[in-house]
Number of protein chains: 2
Amino acid sequence: MTDTKDSILNSAERLFAERGYEATSLRAVTSEAGVNLAAVNYHFRSKDQLLKALFTRGMQRLNRERTALLDAYEAECGGKPVPPEKLVHALIGPMLDASRDRSRGREIFGMLLGRMYASPKGPLDDILVSDIEAFSERFKSAIRRALPGTSLEELYWRSFFAIGATAHTLISSRLIGIISNGLCDADDREAVLERLIRFIVAGLQAPERQGAKGKKAGPTGKKWRGK
Amino acid sequence: MTDTKDSILNSAERLFAERGYEATSLRAVTSEAGVNLAAVNYHFRSKDQLLKALFTRGMQRLNRERTALLDAYEAECGGKPVPPEKLVHALIGPMLDASRDRSRGREIFGMLLGRMYASPKGPLDDILVSDIEAFSERFKSAIRRALPGTSLEELYWRSFFAIGATAHTLISSRLIGIISNGLCDADDREAVLERLIRFIVAGLQAPERQGAKGKKAGPTGKKWRGK
DNA sequence: GACAGAATCAAACAAAAGTTTTAATCATAC
DNA sequence: GTATGATTAAAACTTTTGTTTGATTCTGTC
């Protein structure tokens with residue numbers, strides 16, 4: 001019944017992720033899905049609504065997996081705070097979905113998600129923000145317990161940076177092989193996830209600034225001053 | 001003489017950065033620039049070539065500033081290795097360009113750059129990679145000296161993550177104000193840069209993995225295992 | 001088996017976009 | 001001043017795109 005509907009969703013997800021939303025025509029989507037062109041406007045109302053539907057589906061799945069992971073880790077730790085490594089894994093693991101299943105469903109949505117972050121402000125912002133907040137509250141309390149010494153404001157920023165590093169990895173990791181002259185392999189997703197987690201955990205645990213708010217001076221004027 | 005040419009470049013840079021490349025029409029560009037529509041195809045060959053020209057200009061400017069910073073820092077440090085804080089500042093400072101001048105020229109290009117990273121593979125990859133490599137060699141030797149204990153492969157990855165966090169900050173920092181309920185202020189660019197540098201430096205200095213390559217197990221199966 | 005609604009299909013529509021064309025204008029050197 | 005080339009201007013062209021329409025087929029029900 002909803003066979004074509006799902007086909008459209010899957011094809012659209014893949015194509016939007018690979019080529020971008022604007023650059024993908026509905027004809028490309030329906031062609032790949034093997035359905036009629038008009039099916040998109042019949043089952044969804046428009047191309048925009050298709051993207052929204054796509055996004056809500058992926059986000060709910062993503063947050064469900066995140067929450068499940070966090071629940072499991074908290075249960076595992078009893079009453080103790082969950083260590084940062086596991087928190088970070090619950091946050092970004094489902095985005096990369098390293099070697100979970102071969103369908104690569106989550107990974108594709110991760111790419112799409114990363115692209116959406118980098119997209120101009122649009123009607124998607126509402127979904128994006130509301131779905132972020134859905135898991136944000138759950139995550140906030142856990143990370144505050146894990147890193148009690150850091151201010152909430154700083155934790156927000158650092159989680160934001162963490163998402164950024166993850167999104168970038170999902171979207172443009174094809175570049176690192178070229179840049180590194182083949183030294184780095186982006187296809188070993190499990191290893192990449194491990195590196196990323198290590199990087200982010202260290203960033204989360206960085207010492208918070210505590211000095212005054214005085215200006216800093218560098219070699220040519222207004223620059224960063226090392227510790 | 002090249003008045004219209006520069007007008008087009010500037011308007012295109014701003015609009016591409018704000019709305020994205022595909023979503024911006026040449027009519028919007030020429031309209032904002034106050035020039036005739038055909039001027040784009042006259043001075044540049046096509047919309048694609050306009051983007052390329054735009055990109056090369058910005059990248060050269062960016063790498064020039066990065067190199068200048070790095071030179072200054074190295075001179076300042078004599079023969080000693082430049083501390084990571086300053087290396088990171090040389091790498092990402094010119095992208096954020098916190099409070100340098102009011103023209104916000106670099107910041108706009110930073111947004112565009114971030115968007116390009118998140119764009120599908122295309123003809124721009126060549127420019128992107130070659131311009132990255134231009135500064136990459138210079139940066140590589142400096143960071144190897146600053147962090148002699150870390151493998152080159154890991155340094156590549158971590159620099160990659162650093163660029164990701166920066167690009168994300170440039171592009172979607174508008175979201176953090178909403179997510180944090182107004183607690184985080186993305187407009188205080190100097191403070192943001194400082195937080196970002198602190199985060200990245202800690203990530204760069206994270207302990208490198210040294211254990212065996214055995215699989216890890218978590219609560220529900222194949223998951224991350226904390227230290 | 002006929003009916004009603006849902007779903008699919010082929011075709012067409014209308015708007016938008018990149019590009020091209022041709023004429024007009026400007027600048028400059030002779 | 002005029003001739004030549006560079007630049008700008010207005011309009012049209014062609015293709016692509018999202019969307020709609022009306023007919024047709026499928027599905028389940030009485």
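Just the heavy atoms: all of them, side chains too, but no hydrogens, waters or symmetry mates, feed the values below. Convention: sequence-line order gives letters A, B, ...; per-chain numbering from 1.
Between B/Thr4 and D/dT7, a side-chain N or O to OP1/OP2 separation shorter than 4.0 Å is absent. The shortest distance between the side-chain N/O atoms of B/His43 and the OP1/OP2 oxygens of D/dT8 is below 4.0 Å. The side chain of A/Asn36 places no N or O atom within less than 4.0 Å of a non-bridging phosphate oxygen (OP1 or OP2) of C/dA7.
To the nearest 0.5 Å, the span separating OG on A/Ser159 from CD1 on A/Ile92 amounts to 11.0 Å.
Residue contacts shown for A/Thr24 are limited to sugar-phosphate atoms, with no base heavy atom under 4.0 Å away.
For the pair A/Asn41 CG and C/dA10 P, the interatomic distance rounds to 16 Å; values are reported in whole Å. Atom pair B/Asp48:CG and C/dA17:P shows a separation of 16 Å (rounding to whole Å applied). Put simply, CG on A/Asp3 is 15 Å from C1' on D/dT27, counting in whole angstrom units. Per the geometry, CG belonging to A/Asp6 stands 15 Å off C1' belonging to C/dA7, to the nearest Å. In this entry the distance linking CG of B/Leu37 with P of D/dC13 reads 16 Å, nearest Å. Rounded to whole Å, the distance from CG on B/Leu50 to P on C/dG18 is 10 Å. Distance B/Arg19 CZ to C/dA17 P: 10 Å, rounded to the nearest Å. In this structure, the NZ atom of B/Lys47 is 9 Å from the P atom of C/dA17, given to the nearest Å.
There is a side-chain donor-acceptor pair under 3.5 Å between A/Asp48 and A/Tyr21.
For A/Ser25, the listed nucleotide lying nearest its side chain is D/dG18; candidates were D/dT8, D/dG18, C/dC9. Of the candidate nucleotides D/dA6, D/dT19, D/dT20, D/dA6 has the atom nearest to the side chain of B/Tyr42. Residue A/Ser46 has its side chain nearest to D/dT19 when only D/dT19, C/dT19, D/dA10 are considered. Of the candidates C/dT8, D/dT21, D/dG18, the closest approach to any side-chain atom of A/Leu26 belongs to D/dG18.
Judged by closest nucleotide on DNA chain D, B/Val35 is the one of A/Arg45 and B/Val35 placed further toward the 5' end. Projected onto DNA chain C by closest heavy-atom contact, A/Arg27 and A/Ala39 fall at different nucleotides, the more 5' of which corresponds to A/Ala39.
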Could you walk me through whether B/Phe161 and A/His168 satisfy the ring-ring contact (aromatic ring centres under 6.0 Å, His included) test, starting with their C-alpha distance in whole Å, then the side-chain angles of each, then the deciding distance to 0.1 Å, before giving a yes or no? CA-CA 7 Å; B/Phe161 298 150; A/His168 188 237; 8.6 Å; no
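A cation-pi geometry, defined here as NZ or CZ lying under 6.0 Å from the six-membered ring centre and within 45° of its normal, does not hold between B/Lys140 and B/Phe135.
Of all the heavy atoms in B/Tyr117 and A/Leu175, the pair that sits closest is CD2-CD1, 4.0 Å.
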